[in-house]
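Below is one structure, written out as structure tokens; comments come after it.
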Amino acid sequence: MKTLFLAWQDPNSRSWFPIGRLTFDGINYQFFYTQGALEAKQKSGFAPLSSFPCLDEVYTSTHLFSVLSNRLMPKKRPDYLSFLQWLNIPSHEDDPMALLARSGGQKQTDTLTVFPSPELDEKGQYHLHFFSHGLRYLPSCAVERINRFVPGEKLWLAHEFQNSHDPMALTLNTEDHYLVGYCPRYLNPEIFELFRRIPNSLSVEVEQVNQPPTPLQFRLLCHLTAKVKVDDHFCPFSTELYQPLVRSKN
């Protein structure tokens, strides 16, 4: 079963909350709100989405819900194949869940984004892909350094604890000391938890660089891996914020 999370950003504080979970079993799509929606409501006045008006219901459909399908590039667009190349997704694997997971499904007209649950391989290693954020704020020399990346090049995480906008900000850096962007804010709590539990297990590297004129938001695709042992008892996105509001939901 494929799983995605829906996050909402408070337009005032810029804080992110994981408000819902979307699953697809090959036949049905299912969406329900998580405890993060309740926290977002209490702290930032989050109101239920028009597509999902009740916080305590489970929504099921054989078709992808419109609030999410509207975030997909139409296949008839002339630049659709280029879009797949930016995401590093083969054309035969371009199902809606894969496209949302890799692209984030963000629109300029709202404050929602989508991110995937990490995939666990047979070796006990988690894999997560994301695009580096904040590139439009970088100096031109940093963007030029990004354009020279090669796949597999290692990136270094650093905690920018003096960041007044986000005290949990995690920067992405090169070995030759270039700042090349930020981890998405909504991933930071899980990355910090990984560091706390298994500090030597996490690694980030360049998956793909999409050269200009690719938009900056899709310029640097990163690949995060984390080796988890059975006795680590770690499951990503399993904290209270990610648990369903409908307690009977498995």
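Atoms considered below: every heavy atom in the structure, side chains included; atoms not considered: hydrogens, waters and symmetry mates. This is a predicted model, so every value here is computed, not measured.
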Would you check if the distance from the ring center of Phe17 to the ring center of Phe46 is below 6.0 Å?
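Here the rings of Phe46 and Phe17 have centres that are no less than 6.0 Å from each other.
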Are the aromatic ring centres of Phe192 and His159 under 6.0 angstrom apart?
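Phe192 vs His159: aromatic centres under 6.0 Å.
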Does the side chain of [X] reach to within under 4.5 Å of the side chain of [Y], using non-hydrogen atoms?
| X | Y | answer |
| --- | --- | --- |
| Met97 | Leu4 | yes |
| Tyr33 | Pro244 | no |
| Leu135 | Ser132 | yes |
| Leu220 | Phe149 | yes |
| Leu99 | Leu84 | yes |
| Leu128 | Leu187 | yes |
| Asp176 | Arg145 | yes |
| Tyr126 | Ser117 | no |

Nearest-0.5 Å distance that lies between atom [atom1] in [X] and atom [atom2] in [Y]:
| X | Y | atom1 | atom2 | result |
| --- | --- | --- | --- | --- |
| Ser103 | Phe130 | OG | CZ | 15.5 Å |
| Leu68 | Leu6 | CG | CG | 6.0 Å |
| Arg102 | Glu207 | CZ | CD | 6.5 Å |
| Glu175 | Glu153 | CD | CD | 8.5 Å |
| Glu119 | Thr3 | CD | OG1 | 10.5 Å |
| Leu112 | Ile19 | CG | CD1 | 5.5 Å |

For the pair Gln243 (side chain) and Thr239 (backbone), establish whether a donor and an acceptor sit closer than 3.5 Å, ignoring hydrogens and angles.
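Pair found, side chain donor or acceptor close to backbone of Thr239.
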Answer yes or no: is there a donor N or O on one side and an acceptor on the other, between the side chain of Tyr59 and the main chain of Cys54, under 3.5 Å?
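Yes, because the side chain of Tyr59 sits within donor-acceptor range (under 3.5 Å) of the backbone of Cys54.
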For [X] and [Y], work out which heavy atoms get closest and say how close.
| X | Y | answer |
| --- | --- | --- |
| Asn163 | Glu160 | ND2-OE1, 2.8 Å |
| Asp10 | Ser13 | OD2-OG, 3.0 Å |
| Leu155 | Cys222 | CD1-SG, 3.8 Å |
| Arg219 | Asn147 | NH1-OD1, 3.2 Å |
| Cys183 | Ile191 | SG-CD1, 3.9 Å |
| Thr34 | Leu241 | OG1-O, 3.0 Å |

Do Leu120 and Phe237 sit in the same hydrophobic cluster, where Ile, Leu, Val, Met, Phe, Trp and Tyr count as joined when their side-chain heavy atoms come under 4.5 Å apart?
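They do share one cluster, since a chain of ILVMFWY contacts under 4.5 Å joins Leu120 to Phe237.
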Under 4.5 Å between side-chain heavy atoms, hopping through other hydrophobics if needed: is there a path connecting Leu179 to Tyr137?
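Hydrophobic grouping puts Leu179 apart from Tyr137.
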Please determine, by modelled atom types, if Gln9 and Tyr186 share a side-chain donor-acceptor pair under 3.5 angstrom.
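Short answer, no.
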Classify the side-chain pair Gln85/Asn210 by whether it contains a donor and acceptor separated by less than 3.5 Å.
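No pair is found: no donor N or O on one side chain lies under 3.5 Å from an acceptor on the other.
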Would you please name every residue forming a salt bridge (charged side-chain N to carboxylate O under 4.0 Å, His left out) with Lys75, sequence neighbours left out?
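Partners of Lys75 by the salt bridge (charged side-chain N to carboxylate O under 4.0 Å, His left out) criterion, ordered by chain and then number, come out as Asp94.
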Tell me if the NZ atom of Lys43 is crowded by more than 12 foreign heavy atoms within 6.0 Å.
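Not buried by this count: 12 neighbours or fewer within 6.0 Å.
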Phe218 and Phe131 aromatic ring geometry - parallel, tilted or perpendicular at 30°/60° bounds:
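Plane angle over 60°, so perpendicular.
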Verdict with supporting geometry, Gln211 and Val209, side chain to side chain contact (heavy atoms under 4.5 Å, CB included)
CA-CA 6 Å; Gln211 297 294 335; Val209 176; 3.7 Å; yes
Does the pair Thr113 and Trp16 meet the rule for a side chain to side chain contact (heavy atoms under 4.5 Å, CB included), with working shown?
CA-CA 10 Å; Thr113 193; Trp16 284 96; 3.3 Å; yes
Could you check whether Asp25 pairs with Lys2 (Lys NZ or Arg NE/NH1/NH2 to Asp/Glu carboxylate O, under 4.0 Å)?
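The answer is no: the pair does not qualify as a salt bridge.
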In plain terms, say whether Arg77 and Asp79 are close enough for a salt bridge, that is, a side-chain N and a carboxylate O under 4.0 Å apart.
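Asp79 and Arg77: salt-bridged.
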Residues Arg185, Met168; criterion side chain to side chain contact (heavy atoms under 4.5 Å, CB included); working and verdict
CA-CA 8 Å; Arg185 286 188 181 188; Met168 294 185 70; over 6 Å; no
For side chain to side chain contact (heavy atoms under 4.5 Å, CB included), just list the numbers for His127 and Asp121, CA-CA rounded to whole Å, side-chain angles, deciding distance to a tenth of an Å, and then say yes or no.
CA-CA 8 Å; His127 297 264; Asp121 65 21; 2.8 Å; yes
Yes or no on ring pair (Phe, Tyr, Trp, His ring centres under 6.0 Å) for Phe65 and Phe52, after CA distance, side-chain angles and deciding distance?
CA-CA 9 Å; Phe65 304 101; Phe52 312 116; 5.1 Å; yes
